[in-house]
2 protein chains.
Amino acid sequence: MAVTIREIAEKAGVSRGTVDRALHNREGVNPDVARRIKEIAASMEYLPNTAARALSLHKEPKKIVFILPDTDSTFFSFIQTGLAKAQEEYREMGTLITAVHMNFRNISAVTEQLDSLMSEGIAGLIITGPDVPELREKLNSMAEKGIPFITYNSDIQSDKGLCYVGQDLYKGGKVAADLMHKLTPCPSLVLAVAGKSDFKAHTERITGFVDGMKEYSKDYDIRIIEGYNPYKRDTFSAVLADPEVKQHVKGIFISTGKVAATMEAVKQSGLLGKVRVICNDEIPEVIKGLKKGYIDFTICQDPVNQGYLPVKIMVQHLMGHPSTPDKWIKSPVEIKTVHNID
Amino acid sequence: MAVTIREIAEKAGVSRGTVDRALHNREGVNPDVARRIKEIAASMEYLPNTAARALSLHKEPKKIVFILPDTDSTFFSFIQTGLAKAQEEYREMGTLITAVHMNFRNISAVTEQLDSLMSEGIAGLIITGPDVPELREKLNSMAEKGIPFITYNSDIQSDKGLCYVGQDLYKGGKVAADLMHKLTPCPSLVLAVAGKSDFKAHTERITGFVDGMKEYSKDYDIRIIEGYNPYKRDTFSAVLADPEVKQHVKGIFISTGKVAATMEAVKQSGLLGKVRVICNDEIPEVIKGLKKGYIDFTICQDPVNQGYLPVKIMVQHLMGHPSTPDKWIKSPVEIKTVHNID
DNA sequence: ATGAAAGCGCTAACAT
DNA sequence: ATGTTAGCGCTTTCAT
């Protein structure tokens, strides 16, 4: 049978209340006594009973807030599916998980909302967003006040966070290169469509892709097409208007969400089906292209688990799970074709 | 605040004990009263508190037995990783999960061992194994005695099981065909290496593969090579000895675990790297081939989750989770190259 | 600073 | 057939 605080109390010659206070570093306990209690607990390999803890906290559950962008997107709806799964699974387990939507184009509004969440009293935060100083500093200051945070999907660089749940985008680009190499003949022209260069997700993928292609052969002619904001079809059409490009291009890697615009330009130039296309994520335009046979592969990152895992980790952390998670929980690099999309 | 048995008891004008008995269909409660209690519980949308239930069952946890084949294999070591994860996660949650190894080449010994588990008293069973009548009947009789069972990896056909966790092998074969089509020119010879035809896993994959290839084009010449037991390298070498085969073969799909023998024959005939190869699972020989560039893809089924999910579902079932799981929890069809193997 | 005790929701043993 | 009650391990409030 597992060790309980009662047994620790007996061994230490104190009451159960004191053991609880000591193990949770609550104030009002003699430092020497506290140290001794912790030693005894460690020597007995004490592990708290999760069920008992959850039941005891039932009246005032610890509040976990999950921040989502306020924009509608298929990608984030997958994340919400994972969140919902976690909410259902950790119902009445000593925690209360709430979703809050925020507009990340207005960072000062975001930090204000975080402040008001702090004053309402929360136990943990799960967040995504741009890696900008204001947000980073706000999160660091929260962490210093004892509120742990987890980032998901897109990291906010900080060593104060509990962990980051998201894909290794560089590796994703390499996998794309691997596939492109398998699909295209070797001396040939391959285009890589990049997004805004200040959005990390896209540049890392492109770098991985280019590095990967070059590893296969120096003879690939890789041309990077910068995306603009708003990305205009004309940008890509202009590139394909060059007859030389049109003649030699054999593959296109679209690292951004601007799939529809790019595919439209491909269609206009009569290259549909003649050029191999690799995209990212399971968004509707990509699924459409896969079904029509115009897109060959899409590289996914299991967004459902990007919603589920951060909650699971936060719950375990707050409920006294002994081990600290890895700093980076890597989402898988999933290769999908029309036959294994969900 | 959530509804508790206490509130149901008050509303029904009975004691909490009676509510507990009624909701769990225990004997010794007036049928009319029981029905009324259930109605009230449903109308109040009562959901049992998992933490309280777990804590209360702490002294005599429900025993869940996870059956594993007694053979060493990398594939099953992944399944054990998932099992270990679940054991750690559901520690002290009212259940006790134990692994038991059995030798499936001796079915009568297996049924005897199941009988003795029954007499020791278990609450749930998780099992894989050959789909033979003796085993099927034993499981059905256990289910009738109230012991739920879940099958994983390879199904044992029975409508009495709680669910089956495993891959859609036919779909896996189709995905392999999709990839093979992308890798090989169209009129060409493609070999499909099948295992013993009485092992369902292999025949279903082969059928999916052949169907898939035929959908892409009637011009593929697909030749199925039957595996023997023990599979001899000569079997495959003999096929490749035919100069016509050797000249025209462009792709090989290996649905079995006999990768080493097949690859050795490919090497002997000087086709290494000249022929596209697709395999299944992340076993050492396959990883070796991927790294050397002799194997292009391997199609996996997330074995870690095949160990983890059955336990999770069984725990939730025994701990009174209201919803019944889908009859078939499909493992993903994962496409892996050397760049996204773990 | 520490001890004592009540209570979280559920189960099971005991009492009626 | 049904009611009553102790107790699972932990947290927290109230005494001391």
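Just so we're on the same page: letters track the sequence lines, and every chain starts at 1.
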Self-check item: First of B/V33 and A/A51 reached from the 5' end of DNA chain D, by closest nucleotide
Solution: B/V33
Self-check item: Whole-Å distance separating the CD atom of A/E10 from the P atom of C/dA4
Solution: 12 Å
Quiz item: Over how many whole Å does the gap from A/D32 atom CG to C/dT2 atom C1' extend?
Solution: 15 Å
Self-check item: Side-chain N,O (A/T18) to OP1/OP2 (C/dT2) below 4.0 Å
Solution: no
Self-check item: A/E134/A/K138 salt bridge by N-O under 4.0 Å criterion
Solution: no
Self-check item: Whole-Å gap separating P (C/dC10) and CE (A/M93)
Solution: 13 Å
Quiz prompt | Rounded distance (Å) that lies between atom P of C/dG9 and atom CE of B/M319 | solution = 16 Å
Quiz item: Atom NZ in B/K11, atom CE in B/M44: separation rounded to 0.5 Å?
Solution: 4.5 Å
Self-check item: Any donor-acceptor pair under 3.5 Å from A/T98 side chain to A/V65 backbone
Solution: no
Exercise. Scan nucleotides 10-16 of chain D nucleotide by nucleotide, 5' to 3', and note B when protein non-hydrogen atoms come under 4.0 Å of the base, S if they reach only the sugar-phosphate, - if neither.
Key: BBBB---
Self-check item: B/L23 CG - D/dT2 P separation (whole Å)
Solution: 14 Å
Exercise. Find out whether B/K312 and B/Y90 are in side-chain contact, i.e. whether some heavy atom of one side chain is under 4.5 Å from a heavy atom of the other.
Key: yes
Exercise. Could you tell me how the ring of B/Y152 sits relative to the ring of B/F76: parallel (under 30°), tilted (30 to 60°) or perpendicular (over 60°)?
Key: perpendicular
Quiz item: Do the charged groups of B/D159 and B/K327 touch, with an N to O distance under 4.0 Å?
Solution: no
Quiz item: In Å and rounded to the nearest 0.5 Å, what is the CD to NZ distance from B/Q80 to B/K85?
Solution: 15.0 Å
Self-check item: N or O in side chain of B/H58 less than 4.0 angstrom from D/dG9 OP1/OP2
Solution: yes
Quiz item: At under 4.0 Å between heavy atoms, what does A/G13 touch on the DNA or RNA strands: base, sugar-phosphate, or nothing?
Solution: sugar-phosphate
Quiz item: Over its full length, what angle do the end axes of the helix from C/dA1-D/dT16 to C/dT16-D/dA1 make, each axis taken from five pairs and the result rounded to 10 degrees?
Solution: 50°
Quiz item: When you check the gap from the basic side-chain N to the acidic O, do A/E39 and A/R35 get nearer than 4.0 Å?
Solution: yes
Self-check item: Between C1' of C/dC10 and NZ of B/K62, the distance in whole Å
Solution: 12 Å
Quiz prompt | Heavy-atom side-chain proximity of A/S331 to A/N305 below 4.5 angstrom | solution = no
Self-check item: Integer-rounded Å distance: D/dC8 P and A/L55 CG
Solution: 13 Å
Self-check item: A/I37 CD1 - C/dA1 P separation (whole Å)
Solution: 13 Å
